[in-house]
Amino acid sequence: MRTPTPFESRVYEALTQIPRGRVTTYGLLAVYLDCGSARAVGQALRRNPNGPRVPCHRVVRADLSLGGYAGATAGATWRRKHRLLEQEGIPIEGNCVASREYLYDFS
DNA sequence: CACCTGACATAAT
DNA sequence: AATTATGCCAGGT
């Protein structure tokens, strides 16, 4: 597999800090990484999901829609993300997280 | 609600 | 080495 860039490593590390039952957004992640660009974050996640080690399912869009998962925005793969979140106690409404009270801001 | 632009990192050319 | 294209976005028009 590809060698993860330092930036990507930071993204993964940040992800592992998210407590179970919580989610974060690309923007929040970007700020935490002092990057400011949610796009760079999303790209890092999609390029190297690195298996179950990185809970990329805990990352949603700023408007709370689930966004994608491992490059998919629909289909079986995406559905898995949906299920994983509910499994952690996060209510999902359609393709969105039902409430912001589950957001983790790395405080 | 659809489209465009902005800002950042990486891969490809 | 430089430029171009692209991405699980965000915010504004």
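Naming convention: chains lettered A, B, ... in sequence-line order (proteins, then strands); numbering from 1 in each chain.
What separates CG of N48(A) from P of dA9(B) is a distance of 18 Å, to the nearest Å. As a whole-Å value, the separation of F7(A) CZ from dT10(B) P is 7 Å. Rounded to an integer number of Å, the gap from CG of L29(A) to P of dC8(B) is 16 Å. Rounded to an integer number of Å, the gap from CD of Q43(A) to C1' of dA11(B) is 8 Å. Distance CD (E8(A)) to P (dG7(C)): 15 Å, rounded to an integer number of Å. Rounded to a whole Å, the CZ atom of R10(A) is 14 Å from the C1' atom of dT10(B). The nearest whole Å value for the distance from the CG atom in L28(A) to the C1' atom in dC9(C) is 13 Å. Atom CG in D34(A) sits about 14 Å away from atom C1' in dA9(B), given to the nearest Å.
Residue-level contact check: G68(A) touches the bases, meaning some heavy atom is under 4.0 Å from a base atom. At a threshold of 4.0 angstrom between heavy atoms, the contacts of A40(A) include nucleobase atoms, whether or not backbone atoms are also involved. At the heavy-atom level, A30(A) lies nowhere under 4.0 Å from the strands shown. Within the 4.0 angstrom heavy-atom criterion, base atoms lie near G71(A).
For dG6(B), its base sits under 3.5 Å from the side chain of R39(A) at one donor and acceptor pair at least.
The aromatic rings of Y69(A) and H57(A) stand perpendicular to each other, their planes meeting at an angle above 60°, with 30° marking the opposite boundary.
No donor-acceptor distance shorter than 3.5 angstrom exists from the side chain of K81(A) to the backbone of T73(A), with no hydrogens or angles considered. Under the 3.5 Å distance criterion, the side-chain polar atoms of Y12(A) are matched with a main-chain donor or acceptor of A44(A). S65(A) places no side-chain N or O within 3.5 Å of a backbone atom of N95(A) that could act as its donor or acceptor partner.
Contact annotation: the side chain of D63(A) never approaches that of C96(A) to less than 4.5 Å [non-hydrogen atoms, C-beta and beyond].
Candidate nucleotides dC8(B), dT10(B), dA10(C) were compared by shortest atom distance to the side chain of C35(A), and dC8(B) ranks first. Checking dA11(B), dA10(C), dC8(B) against every side-chain atom of R47(A), the shortest atom distance belongs to dA11(B).
Taking 4.0 angstrom as the limit, T5(A) places a side-chain polar atom (N or O) nearer than this to OP1 or OP2 of dT10(B).
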